[in-house]
Every structure is written in C-alpha cells, then in structure tokens.
Asker: 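A single structure is presented below for examination.
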Amino acid sequence: MSGEGDFLAAYETPRLARLAPNLFAACFPLMKLLPARFMLERAEATGHLQHGGPVAETTSGTFGLALALLAAVRGFDLTLVSAASLIDDRLRRRLEFLGAIVHIIDDPEGSGAQRERLAQLHTILEDRPETFWPRQYDNPDNRMAYGRLAEWITREIGRVDCLVGCVGSGGSLCGTGGFLREVFPDLTIIAVDTHRSVLFGHAPGRRLLRGLGNSLVPSNLRHEMVDEVHWVGAFPAFASAHRLHHDHALFMGPTSGAAALVAAWYARKHPDAVIFVILPDEGHRYQHTVYDDGWLAALEGWPAAVPDEPETLARIEARGEGEWTRLVWHRKPLATMIGAERGV
Amino acid sequence: MVSGKSAPRGRRSGGGANSTDRQTERRLQVGVGRAMAHHGELLQGVFEGADGKLHRGLITLPLAAQQSTVTFWPGGKGGIRTRPTDRRKAARAAALTLELLGFANVGGDLTIESDIPVGHGYGSSTADVMAAIRAAAAAAGATLRRSTVCRLAVEAEGASDAIAYGDQAVLFAHREGRILEHFGGEYPPLLVVGFRTGGARPIDTLGLPRARYDGQEIEQFRVLRGLASHAIRQQDPRLIGRVATASARISQHHLAKPRFEAVTDLAEAHGACGVQVAHSGTLMGVLFDADEGGVATRTTALAKTLRQAGFKGIVTFAVNVDGVFLQ
Ligand SMILES: Cc1ncc(COP(=O)(O)O)c(C=O)c1O
C-alpha cells in the first residue's frame, strides 16, 4: 500500500455474500465512499476542486460521512448542511470529530427541510465561490462511479438477470444497472423505496426508514430503467435487517434490510434467475435505534409480522410502516405513471 | 542502444554484458521463427493499470491458421536485408533481438513468407515482426520470454498485440508491449465466422487515429474487463461473446463498421454468442460456442448468408478446439 488512496479504495470494496443459491449480495461497509471518492477525484482532475480546497454538501447521512472521511484523510475543508430530524447526535459528533463543519437546520415537523438546507448551502457557495459542491442527486458522476461495482459483480458472478437496490439519489441502482445492461440488455432492475417518499409518485410525508427515499426527485434516478418498484415500510425493513444478522451473520443497516427482503422474495419466485442485491451500509450507526429493543419498543406498531410477500398494487399509493407493496413500473418515465393515475 | 537501455532485463534473459564476449564468439546458425495472425480483438479500450493510471489495452482474438514464417540467414556485416525487400520493421526487430542477445552489427538475410492478408486488421505486420524476433533468437540458439518478444516488437513497430501469448488470454497494453492482466487461462472454446466489411482495399491500420474514449466508455471498459476475467475463468463462450459485442458497439463510435446492426441481427438469428471486430481494421467475426450441439450447421448457414449478402473474405476458424477446423 503506497498512499492514502489505497485504503479508501479497499474500504469502498464490498464483501460478497451468497444469501440463497441464486441470490448474491454486495455488502458494503459504506457504499457512499465509492461515489464520494469518484466525484472528488473527477472534480480535482477537471479543476473544479483545488487540492485541499473547500467542499460543501447538503446531506442527511452516509454521503456526508463518506465525504468527511475523505476530507480528513486527504485534507479537504468540508462543510455539511443537515436537518435536526435527519441527523442524530452521534453522527454529528463523528463528523465534527473528523473535522467537518456541520450546520443543522431546525425542522420540528420532521420534514427534512430540504429547501432551507439548499438555501443555506447557496449562502456558503456565495461566500466562497471556489467551493466544490458534489451534488450527489444530480451529478452524473454519482452514477458513473458505479462502473467499479459493476466490474466487481461481473468478475465475481458473471451473468446477472436481476439487480435489486435501494434508491435515495438513484446513483447506485441506475449507475450499476446501466453498466450491467450494456452486457445484459434483459437485466431486470428493481427499485426499493419506502412509503411517503416522492421518488415513485407518493405524496411526501414523515418517513421512519431513513437512508433511502427522498422528498425531491433527483435526476440521477432514471425511472425509464426501472422494471419494478417496491415500497417497504420501516418495520419490515428493520425486521429483515435483524434477520440478515441472525441468519447470515451480516450486521447491516435498515435500508439493506429492505433491499434484502425484496431480493429474497424475487429469488424465491425466480429460482432459475441470478439475482444481485446491493446492501449499502453496516449496522453500527443504528445500534442505538434499529438494533436497540428499547428504542424499537417505543414505536407504535412494533413488533410487526414481516409479510412473506408484497401486496401487488394496481395504482401508486402509500401505506403504513408495517406494509410492503409493489408496482410493475415497465421502464416508464415518472410523469407517465403519475399521468396514468390521474387518467390523463 | 538496445543493449544500453535493456541491460538489466538482458541479464535476466541470458544476454548480459558478461556473456557478450562469449556469445560473439559463438556462431549464428540459420534460424526459423513463426507467428500467427489474429482476427482483431475480443475487447479493446483503456484500462486501469497497477499504477492507477489508464492504459490502452486489448484482448486479441488469435487466428492460428494463418501464419508468418521468417527465416534468418546470417552472413556478412552489411546490415539485414529482407525478402520481400524493404520490410524495415521486421529487419529492425531481428537486429534488436540479436543486439539484445549480444550479437551487435550482424548482417544477414531475412526471408518472410506469410499467408496473412495485409491491411485489414489481421496483424500481418506484427506477425512478421514477431516471427523475425523468433527467427533471430533461434539463430542465436536462444529462447526469449514472451514478454521480451512483445517488448522488442513494440520497439521495432511502435505497437504490438498479444499473439506472442498464443492461446493464453491476456489483457495487453499494445502500445507498451506489456500485460495489464493475466486472465490465467486459455480462451473459451469458440468457432468464429470471420469476414471483411466495407471496402476490399487495405488500410494503414497503424496510421489510424487513436480512439478518444469518453468517461462513460472508460467506466464501461471496467465492466467488460471484469466479465472477460469471469468468462475465461469459467471457460464461458456466451459471456466472452457479451464482452466482444459490447466492445464492438463502443468501437462503432470510433471506427464504424458498415451494416453492423444487420450483422448483429444475423448473429442472433443463428444462435451466436456475439460479434467481434478489428478495432483498427475492417474485420468482423461472429462468435459461436464450439461445444454447442448443431454449431457446425449454424456456422455453415451463417457463412452462406453472409456470402449472399456480399461480405468478402469469409472464413470459419476455431479457437481452443480439438482438431482442425477451417473452412
Ligand atoms: C444507507 C443507505 N442506503 C441506501 C442509499 C441509497 O443509495 P443511492 O443514493 O445510491 O440511491 C443511501 C444513500 O444515501 C444510503 O445512505
């Protein structure tokens, strides 16, 4: 190992887990390191970021952590903007410990304050115009970063028939899926979202499952690539994460639980297909929440029975945190699907 | 100048400074060397090396049935003459080889006999160069590592391909003459129906401008490399076919083959694994799984269809298959 980049490159490489004879998983310690490193390196190469120069981003979680690790190791000056309902005290302290400046916006309704966060970010950009803003939601480099994951998948597994992954920015699923489809044009792509996220047409609202879903539609989400969407409520996602830990010794975060739930169901239904699922982060960050009985017991509706299969919807509709639904999306644009709802 | 630059490497391949005097006393004999053609590439693009930088590289599709045979007849001091005349790259390759092996300023005659067509992407020039290197080495009674042969070829010609590695599939940096990745095995068993697209007129393959790949293509090449590695490890013709088709599609943005889509449709209709192209040439090939039942019937039917469609130079050849198969 010759330099700082080497460990970060190794850190962003997943472990391979076989969850069923026809189901493989990429288990990431912290998936967001992959796009974060790629975006910063591209920005440096194109002159948008001076070495050691300022970087600012609005983020609620793992992308900010990945940026903070990179900023500390590589000596960037990092400012993050988040909202009170999105970031817990431990994560904030860890980010600050790494040297990041963290601005937190109050949002008593738990809305995520996306608009206010952006306004704050723009103030930072005006103050220091040389600041690089990675823009993970819209920067195509986010998707492009996943050529490395697609390479790893083809090297390890070869042919893949179905890719399952969470959607937040859309970078991981649409990036990986796009590269894989160049060699496997018939690849089925399944997006995993949660109720009251606007990504696939729900009205925005309070969400208990964080890390996937969004209150804005990012342009890195390419709806026309998606064959099927699943909305997994927080409870089935938590229970599935517990099961991964118990049945496979995999200590992963709740969005991994949601993705694994959907992938295992699809793998049971299609025993002759090879399914690949992306599991984006580990459980440590959620030890005092999703992996804490006391925290769970305080949730209304918990414990919940995990459904064996999703309910297939005929139209886009949000449900409760205990439910798991699916809709065949047919690689359609979002507007087409929402238009169909309204009978347009 | 060769011995100066390659002194450390020369020592390893047995021709170092200490042995030079001894070797010049040894007599050169008549030496024969052979090298085969190729049929373009299964994959070509840019790839990350161990140094973290991007390198142009390729996976060659070997065409063993066509060869260049070069004979070196030592004699005199007046440089190396060639027959046919003016094959300067082959002469230079032989001279560099002899110099590396401790025979400086040797003269002689180099006879090149080749059945490889020139200027379509069959690698005729590289085959002559490689065969000349091997002939010179044989004349000196020496064996050379494949990596040394490739390095000498690049020095003589400015580029090389991976045919020195024969049936071993490697990702090869053709401008540098060195391996980017050993896939650790031979090619999956293939039958290839090859042909020439477009004009029958030869082109200057080395004179073509180098492709400028965009960021998306560069990331896509990673995936093709990963899949090639898997396909070779698992000896899977279907997957290597996917790699070749995707690489050929990217090549369409840089050196487009006419009627490309028509060919991919025909390939699919005949149950092929995929298509490949010569990234600097006019060749195209349709790849079949050599172990699949009924494959001979399908390759024959495709060859006939292609002939009727007006394609030229149609040849069916085998890669890593028992027995001889050439039509
Ligand atoms: C834990 C976790 N899961 C899933 C995702 C969704 O990934 P993407 O943004 O690539 O769509 C994220 C994104 O931040 C995440 O942090």
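Note that this is a predicted model, so its numbers are computed, not measured. Proteins get letters first, then strands, A, B, ... in listed order; numbering begins at 1 in each.
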Asker: Which class fits the ring pair His182(B) and Tyr165(B): parallel under 30°, tilted 30 to 60°, perpendicular over 60°?
Answerer: perpendicular

Asker: Between Asn142(A) and Ser169(A), does any side-chain donor sit less than 3.5 Å from a side-chain acceptor?
Answerer: yes

Asker: Sort Gln234(B) into side chain, backbone, both or neither according to what part of it lies under 4.5 angstrom from a heavy atom of chain A.
Answerer: neither

Asker: Salt bridge or not for Arg225(B) and Glu219(B), using N-O below 4.0 Å?
Answerer: no

Asker: Between Ala246(B), Gly215(B), Gly52(B), which residue shows the highest count of heavy-atom pairs closer than 4.5 Å to chain A?
Answerer: Gly215(B)

Asker: Given that the side chain runs from C-beta out, which part of Leu224(B) has a heavy atom under 4.5 Å from chain A: side chain, backbone, both or neither?
Answerer: side chain

Asker: With respect to chain B, which residue among Ala150(A), Gly158(A), Gly147(A) yields the maximal number of heavy-atom pairs within a distance under 4.5 Å?
Answerer: Gly158(A)

Asker: Are Arg56(B) and Glu176(B) ion-paired here, with the side-chain N under 4.0 Å from a carboxylate O?
Answerer: no

Asker: What part of Phe184(A) is in contact with chain B, defined as an atom under 4.5 angstrom from a non-hydrogen atom: side chain, backbone, both or neither?
Answerer: both

Asker: Pairing donors with acceptors under 3.5 angstrom, does anything connect the side chains of Glu228(A) and His230(A)?
Answerer: yes

Asker: Heavy atoms only, distances under 4.5 angstrom: which of Arg222(B), Glu48(B), Arg242(B), Gln216(B) has the most pairs with chain A? Name it, please.
Answerer: Arg222(B)

Asker: Against chain A, label Leu239(B) side chain, backbone, both or neither, depending on which of its atoms sit under 4.5 Å from a heavy atom there.
Answerer: side chain

Asker: Going by atom types only, do His38(B) and Thr60(B) share a side-chain donor-acceptor pair under 3.5 Å?
Answerer: no

Asker: Which bit of Arg143(A) is near chain B, if near means a heavy-atom gap under 4.5 Å: side chain, backbone, both or neither?
Answerer: neither

Asker: Checking Pro185(A) against chain B: side chain, backbone, both or neither under 4.5 Å from a heavy atom?
Answerer: both

Asker: Using heavy-atom distances under 4.5 Å, tell me whether Leu149(A) contacts chain B through its side chain, its backbone, both, or neither.
Answerer: neither

Asker: Could you check whether Glu261(B) pairs with Arg249(B) (Lys NZ or Arg NE/NH1/NH2 to Asp/Glu carboxylate O, under 4.0 Å)?
Answerer: yes

